[in-house]
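Here's the structure, in structure tokens; my notes come after.
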Amino acid sequence: MQTNFYKLINGYRIQHAVTLIEDKQCHWPLERIALESGFANRVTFSKAFKEIMSCTPSSYKKQC
């Protein structure tokens with residue numbers, strides 16, 4: 001797999017966050033999405049999101 005445990009888990013967490021962001025019926029703020037996806041705070045969420053998706057969560061949300 002050529003990854004470590006934390007990157008693997010964050011990948012699954014980001015996938016969950018992306019499904020919440022893309023859900024048109026979910027109008028949660030990004031901080032709530034971060035918490036629901038298993039991140040302790042928005043800063044950690046934003047760093048992991050940008051590393052995996054190559055953009056910030058807020059810019060991704062605007063594209064959707």
Side-chain angles (χ1 to χ4, degrees):
M1 295 180 99
Q2 297 183 353
T3 189
N4 64 33
F5 176 75
Y6 297 105
K7 288 183 181 181
L8 180 67
I9 294 301
N10 282 346
Y12 287 121
R13 290 176 174 169
I14 296 299
Q15 284 178 352
H16 179 68
V18 166
T19 58
L20 291 175
I21 291 170
E22 291 176 348
D23 185 1
K24 300 297 181 194
Q25 296 179 346
C26 179
H27 300 288
W28 290 344
L30 288 174
E31 189 164 351
R32 170 95 188 260
I33 291 173
L35 294 174
E36 291 289 328
S37 299
F39 289 95
N41 58 51
R42 185 163 174 194
V43 174
T44 308
F45 170 64
S46 294
K47 282 176 132 180
F49 196 96
K50 189 166 185 175
E51 183 178 320
I52 292 170
M53 300 297 290
S54 301
C55 67
T56 63
S58 56
S59 65
Y60 187 83
K61 190 173 184 177
K62 288 177 186 174
Q63 292 174 357
C64 290

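- Distance OG1/T19 to CD/Q15: 8.5 Å, rounded to 0.5 Å.
- Contact of the I9 side chain with the R13 side chain is registered, since non-hydrogen atoms from C-beta on lie closer than 4.5 Å.
- Heavy atoms from other residues, nucleotides or ligands lying under 6.0 Å from NZ of K50 number 12 at most.
- The minimum heavy-atom distance between F45 and L30, with the atom names listed, is CE2-O, 4.2 Å.
- The minimum heavy-atom distance linking S37 with L20 is given by the pair OG-CD1, 4.1 Å.
- Separation of atoms NZ (K47) and CZ (F39) is listed at 12.0 Å; rounding is to 0.5 Å.
- With rounding to the nearest 0.5 Å, the separation of CG in L8 from OG1 in T3 is 6.0 Å.
- The structure places CD1 of I33 at 5.0 Å from CD1 of I21, a figure rounded to the nearest 0.5 Å.
- Considering every non-hydrogen atom in both S58 and R42, the closest pair reads CB-NH2, 4.5 Å.
- Counting only distance, with no hydrogens or angles, the side chain of S59 and the backbone of C55 share no donor-acceptor pair below 3.5 Å.
- For the residue pair V18 and M53, the shortest heavy atom distance occurs at CG2-CE, 4.0 Å.
- Looking at E36 and R32, a side-chain N of the basic residue comes within less than 4.0 Å of a carboxylate O on the acidic one, giving a salt bridge.
- Contact check for K24 versus C64: side-chain heavy atoms found under the 4.5 Å cut-off.
- Side-chain contact between L35 and N41 is absent, with no heavy atoms from C-beta onward closer than 4.5 Å.
- The distance from the CD atom of Q63 to the CD atom of E22 is 10.5 Å, given to the nearest 0.5 Å.
- When side chains are defined from C-beta on, F49 does not count as touching T56, because their heavy atoms never get closer than 4.5 Å.
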